[in-house]
Q: 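Okay, here's the structure, questions in a sec.
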4 protein chains.
Amino acid sequence: MAKRTKSNEKRIALLNATLYLVNNNGFHDAPMSKIAKMAGVSPATIYIYFENKQDLINQLYLENKASFSEAAFKDYAVNLSVKNGFELIWRNIAHYKLNQIEEANFLSQCDNIATMVDEESRQEGLKNLQPLLDLWERGQKEGIIKNISPYLLYAYTIYPLAFLMTMQKRNDFELTETNLSEAFDSAWNTIKI
Amino acid sequence: MAKRTKSNEKRIALLNATLYLVNNNGFHDAPMSKIAKMAGVSPATIYIYFENKQDLINQLYLENKASFSEAAFKDYAVNLSVKNGFELIWRNIAHYKLNQIEEANFLSQCDNIATMVDEESRQEGLKNLQPLLDLWERGQKEGIIKNISPYLLYAYTIYPLAFLMTMQKRNDFELTETNLSEAFDSAWNTIKI
Amino acid sequence: MAKRTKSNEKRIALLNATLYLVNNNGFHDAPMSKIAKMAGVSPATIYIYFENKQDLINQLYLENKASFSEAAFKDYAVNLSVKNGFELIWRNIAHYKLNQIEEANFLSQCDNIATMVDEESRQEGLKNLQPLLDLWERGQKEGIIKNISPYLLYAYTIYPLAFLMTMQKRNDFELTETNLSEAFDSAWNTIKI
Amino acid sequence: MAKRTKSNEKRIALLNATLYLVNNNGFHDAPMSKIAKMAGVSPATIYIYFENKQDLINQLYLENKASFSEAAFKDYAVNLSVKNGFELIWRNIAHYKLNQIEEANFLSQCDNIATMVDEESRQEGLKNLQPLLDLWERGQKEGIIKNISPYLLYAYTIYPLAFLMTMQKRNDFELTETNLSEAFDSAWNTIKI
DNA sequence: CATGAATGAGTGTTCATTCAT
DNA sequence: TATGAATGAACACTCATTCAT
């Protein structure tokens, strides 16, 4: 009856290897054999933990989305004022994107390339931003935030951070504390009434 | 005395096929054989026009960047005021991204994924935005535009359009003329002093 | 004082699963993992009961051969007349092939495909028909049965039943009681002097 | 415009290699890599001539069925008497099965194992026996052949040859000219009225 | 210039079997 | 005894690229 049990270590090692290889070589040069080798297991072992390559990517995406969202809403509470709440979330996200560069970069690829994660996982991943959407809606009801589509709000406040992350990763640009405050001001000015 | 010469038609057909397949199937499912078939030529023929697959992607990137920049600076002249010049360019870019969705989407993929075009082509592609950088520099000298890194200026004015394009392509969101004006106001407010 | 001992139930379950899968999916799509799952045990458990896959097939073959031969010689006694003895055996075999279709089909595959069971098991399996060969020899001595090779006798009396079984399994043909009597007459006419 | 053309030699070499390997190693140990090596081509080349492994087997089956049927009806004409026509066909088939042992053995495997060729090809292959079925029908109308199902006629006249072929291939038995005449007599006696 | 055949190296995945418990 | 995890070797098949014409 006794038996070896699935080791979470191996699962994590596989996810980490995948993240690393997709980020640095691209999806098209991250073969299962390399992933296995990097994780220190046999190629066949991957299929104990994941159904197939797509499933591996999907799970990696969803778990990183979840950990991103945890970071994004750290210390957030609905009783914060709209501005304070937004600033907290914005800074959390900025902090994540500029420090957890690898994870953020992976998520950015997945979100930008239609063919990387399947539609179901993408929809699932979207749910993670709900509290921010709720905050914006509240801000609009309170007359604090412009009454425009959340897509526009996102495009002008959160999405720019993805660009800064990419530049940071390429060492083209470094975001200082001052820059960050300027950037937040820009973001806030854009959406506040 | 007609001589047989490389037919530009075939070259164009190959570039178009590549754009289409990379956009719709992803880089990892855009094999040379499919590209050839779609362009109506033999796989071997690709190698008459392009050195290899990377070269094909690089050239496609550079030509689209060039045509993007042509669109971006249409009707622009250095004697325009900073605000008018910026608005012209911004609207040109917005127009391009929301109408030439396929081309814009391809460029966006290349710019976001480190491994798609090689570094040399990327650097080459960057030059296309020079007139905008020049305009910003002039605006800063004239005390009209905030004295912050052009990366930030780009992140908060141009880059958001990439997000709107992606949403538009996914039919999640449609940008109206009103939206566009709001979006421009946001962009301008962000960077003007 | 119950001691843990190899459970015959599991052994039987494994043999049944193998029979089913080889018959319905073919040898090449009857992997140990499926066999195990169908038998409700772990793949590793198979190796407690059988040395390897070949051994599993061999044992399945031999046990089915034995049960086939038991059926073939049911109620047979050497004091029966040659004709009566032959008719009894022939009808027993026909009954087996047309009712125990799965078992018969498996045996037929093994006997037709050189590479399914190994030579040793095949030789072992042949012994099961000995009483029929003895009967034929007696018939020849008594001048009742043609003095031709038992291979020919078998080919023209017993072997045709395999074809009828295959057709029956494919629903191309159904053998009635009348057919059966005609078929036996054919068989007997073929070999009687 | 010029190009290398598909060489029929390679196609034939591939079919031959497949026949040999399936016969001697079994379907489950006739991998594409071995087939390619034996045919003296790269594994990838197989896919120029055949869609996939199933297609390769199907085509091999159909071509052998066709050449079998050509042999079976050599010199046959509808104006022959029923008995003479049947003897001609029977001897042709016997000759084929006992001399073209490899081909006959392959066909026998395909016909016995449900999972080897797909249903469509099997149905296609069946058509090859039509002239024999026609002859039997004529014989029944003329009151020369027993009025029983053609499945029974086949089972008792043609099918036994498959057994003799198998035994011959295994060197368990050799069919002489005398044997053959005896065997034909058995076959004819079985079905004639 | 242009081609379809040809290929070695590689792809994602499965398999019979063994390991550690 | 019995297990599920683990695996090296193999599988069918595809790819970017080159060859021969």
Side-chain angles (χ1 to χ4, degrees), chain A residues 1-7 10-11 28-36 40-56, chain B residues 2-7 10-11 28-37 40-56, chain C residues 2-7 10-11 28-37 40-56, chain D residues 1-7 10-11 28-36 40-56:
Chain A
M1 299 291 169
K3 38 129 194 171
R4 272 195 266 183
T5 48
K6 255 188 228 180
S7 108
K10 280 183 188 158
R11 212 187 92 92
H28 64 283
D29 194 25
M32 298 300 250
S33 54
K34 273 191 195 168
I35 292 171
V41 301
S42 157
T45 302
I46 300 181
Y47 294 85
I48 295 170
Y49 295 88
F50 305 95
E51 234 174 84
N52 50 39
K53 194 177 183 182
Q54 188 62 61
D55 180 44
L56 168 57
Chain B
K3 62 160 185 158
R4 287 246 207 138
T5 176
K6 281 192 206 174
S7 118
K10 282 183 185 164
R11 214 186 89 91
H28 64 285
D29 194 25
M32 298 298 253
S33 53
K34 272 193 195 167
I35 292 171
K37 183 167 286 175
V41 301
S42 156
T45 303
I46 301 181
Y47 292 84
I48 296 169
Y49 295 90
F50 305 95
E51 233 175 85
N52 50 39
K53 194 177 183 182
Q54 186 62 62
D55 181 42
L56 168 57
Chain C
K3 63 160 180 156
R4 286 250 206 133
T5 177
K6 280 192 210 178
S7 118
K10 282 182 188 166
R11 213 187 90 93
H28 64 285
D29 194 25
M32 298 297 254
S33 53
K34 272 193 196 168
I35 292 172
K37 183 168 286 176
V41 303
S42 156
T45 304
I46 301 181
Y47 293 85
I48 296 169
Y49 294 89
F50 305 94
E51 231 174 87
N52 50 39
K53 195 176 181 181
Q54 187 62 63
D55 180 44
L56 168 57
Chain D
M1 296 293 170
K3 38 130 196 174
R4 273 195 266 184
T5 48
K6 256 188 225 178
S7 107
K10 279 182 189 159
R11 213 188 91 92
H28 64 283
D29 194 25
M32 297 301 249
S33 55
K34 272 192 196 168
I35 291 171
V41 301
S42 156
T45 302
I46 301 182
Y47 295 87
I48 295 170
Y49 294 88
F50 305 95
E51 234 174 84
N52 51 40
K53 193 177 183 181
Q54 187 63 61
D55 181 44
L56 169 56

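First the proteins, then the strands, lettered A, B, ... as listed; each starts at 1.
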Q: In sequence, state the C-alpha distance, the side-chain angles, and the governing distance for A:Ile46 and A:Asn52, and then conclude on side chain to side chain contact (heavy atoms under 4.5 Å, CB included).
A: CA-CA 8 Å; A:Ile46 300 181; A:Asn52 50 39; over 6 Å; no
Q: Nearest whole Å is fine: how far is E:dA16 C1' from C:Lys34 NZ?
A: 15 Å
Q: If I take atom NE2 in residue C:His28 and atom P in nucleotide E:dA16, what distance separates them, rounded to the nearest angstrom?
A: 12 Å
Q: Does the side chain of A:Arg11 come within less than 4.5 Å of A:Lys6's, by heavy atoms?
A: no
Q: Rounded to the nearest Å, what distance is computed from the CG atom of residue B:Leu56 to the P atom of nucleotide F:dT17?
A: 10 Å
Q: Take the protein atom CD1 of C:Ile35 and the nucleotide atom C1' of E:dT14, then report the distance between them rounded to whole Å.
A: 14 Å
Q: Testing the basics here: between C:Ala36 and C:Ser42, what is the closest heavy-atom pair and its distance to 0.1 Å?
A: CB-C, 3.8 Å
Q: Both distances below 3.5 Å, Watson-Crick or wobble geometry, any strand: find the nucleotide opposite E:dA16.
A: F:dT7
Q: Tell me whether the OP1 or OP2 atom of F:dC11 has a side-chain N or O from D:Ser33 closer than 4.0 Å.
A: yes
Q: For E:dA2, does OP1 or OP2 lie under 4.0 Å from any side-chain N or O of B:Lys10?
A: yes
Q: Please state how far atom CE in C:Met32 lies from atom C1' in F:dA5, giving the value in whole angstrom units.
A: 17 Å
Q: Let me see the working for B:Leu56 and B:Glu51 under side chain to side chain contact (heavy atoms under 4.5 Å, CB included), right down to the final yes or no.
A: CA-CA 7 Å; B:Leu56 168 57; B:Glu51 233 175 85; over 6 Å; no
Q: Measuring from A:Phe50:CZ to A:Thr45:OG1, what's the distance to the nearest 0.5 Å?
A: 11.5 Å
Q: Nearest whole angstrom, please: distance from the P of E:dA2 to the CZ of B:Arg11.
A: 13 Å
Q: Would you mind reading off the distance between D:Asp29 atom CG and E:dA16 atom C1', rounded to a whole angstrom?
A: 13 Å
Q: With the side chain counted from C-beta on, respond yes when B:Lys34 and B:Asp29 share a heavy-atom pair under 4.5 Å apart, and no when they do not.
A: yes
Q: For DNA chain F, what residues of residues 42-55 of chain D have any heavy atom nearer than 4.0 Å?
A: D:Ala44, D:Tyr47, D:Asn52, D:Lys53
Q: Which residue lies toward the 5' end of DNA chain F, D:Ala30 or A:Gly40, if each is placed at its nearest nucleotide?
A: A:Gly40
Q: State whether the side chain of C:Tyr49 and the backbone N or O of C:Ser7 hold a donor-acceptor pair below 3.5 Å, judged by distance alone.
A: yes
